[in-house]
Amino acid sequence: MKKVLIRADDLGFSKAVNLGIAETVRNGLVRSVGIMTNMPEAENGVAMLKGCHVCYGQHTNICAGIPLSDPARIPTLIGENGEFKTSAEYRAAFKEGREVVDLDEVILEIEAQYERFVELTGDKPHYFEGHAVASVNFNKGLEIVARRHNVDYLPLAFEPIVFKNSTIRIHVDSMTPDYDPYASLRKLILDSDEDIVDVFVAHPGYLDAYILKHSSLTVNRALEVDMLTDQKLIQWISEQDVELVTYDNL
């Protein structure tokens, strides 16, 4: 039987994003959720999902909001406004071949976000990865902290990789031009095979002023909420030769 994992990123990003993710968990297809533990709405987001059977991961964030560690100790991560540098700033540096993230500094912040994750959930992350930043040192830091705490590091790779005891293939289509979430998920399911667990990474959420001001991903979040809670689609998936799994099943 084919295995497909549907994951929602960005819990904690904003109130509206939390509401959208909660809808996809309570009435839809999402069973794995990544928490942005530094964001002010992280605690609210976890509270919304209380009582739900969810596989939580740490969606480590160094490009939105304010840090959990002392800003004076992580100057390479902080912009002029006292918040994290934006993902656009990191991407520009990466394209120019510049590494703007100090490894020791980013490890401090990753550790702080890990400690906050444990505080929020009472558990270690069931998977451990990063949000929207192109940086070699960020990825190194994630791997180092994950190894330190014996949690499973999940690199962002678009070729098949081994994670835990399974070979997985990650699909992130939310930012592609003319994105159709229905077509994207249907194609993934129809094209999947029994040898690989295909991971559909979604960013469901409703929209509020904060997300409109702080994220380039907007309308597609709401479209993904509709798709992931569509009862006809859920019924169609139940008729396919496919098992929906979480990272705990790998």
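Only heavy atoms go into these numbers, but all of them, side chains included; no hydrogens, no water, no symmetry mates.
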### Query
Is Lys124 close to Tyr114 at the side-chain level, that is, under 4.5 Å between some pair of heavy atoms?
yes
### Query
Residues in side-chain hydrogen bond (donor to acceptor under 3.5 Å, both in side chains) with Glu23, at least two apart?
Asn27
### Side chain Asp208, main chain Ala16, donor-acceptor under 3.5 Å
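Yes, because the side chain of Asp208 sits within donor-acceptor range (under 3.5 Å) of the backbone of Ala16.
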### Query
Between Ser166 (side chain) and Ile168 (backbone), is there a donor-acceptor pair under 3.5 Å?
no
Could you tell me whether [X] and [Y] have a side-chain N and a carboxylate O separated by less than 4.0 Å?
| X | Y | value |
| --- | --- | --- |
| Arg116 | Glu43 | yes |
| Glu129 | Arg7 | yes |
| Glu109 | Arg73 | no |
| Asp198 | Lys3 | no |

### Query
Looking only at side chains, do Glu239 and Gln235 share a donor and an acceptor under 3.5 Å apart?
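The answer is yes; a qualifying pair exists.
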### Task
Using distance alone, with no hydrogens and no angle criterion, decide if His203 and Asn220 have a side-chain donor and acceptor under 3.5 Å apart.
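No, Asn220 and His203 have no side-chain donor paired with an acceptor closer than 3.5 Å.
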### Task
List in chain and number order the residues that pass side chain to side chain contact (heavy atoms under 4.5 Å, CB included) with Asp193, two or more places apart in sequence or in another chain; answer none if no residue qualifies.
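Asp193: side chain to side chain contact (heavy atoms under 4.5 Å, CB included) contacts with Arg169, Asp195, Ile196.
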### Query
For atom NZ of Lys2, is the number of surrounding heavy atoms from other residues, nucleotides or ligands below 6.0 Å larger than 12?
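For Lys2, atom NZ is crowded (more than 12 foreign heavy atoms under 6.0 Å).
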### Message
More than 12 heavy atoms of other residues, nucleotides or ligands under 6.0 Å from OH of Tyr179: yes or no?
### Response
yes
### Query
Parallel, tilted or perpendicular for Tyr56 and Phe117, by the 30°/60° rule?
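Perpendicular: the ring planes of Tyr56 and Phe117 meet at over 60°.
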### Task
Using the test ring pair (Phe, Tyr, Trp, His ring centres under 6.0 Å), find all partners of Tyr127 that sit at least two apart in sequence or belong to another chain.
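Tyr127: ring pair (Phe, Tyr, Trp, His ring centres under 6.0 Å) contacts with Tyr247.
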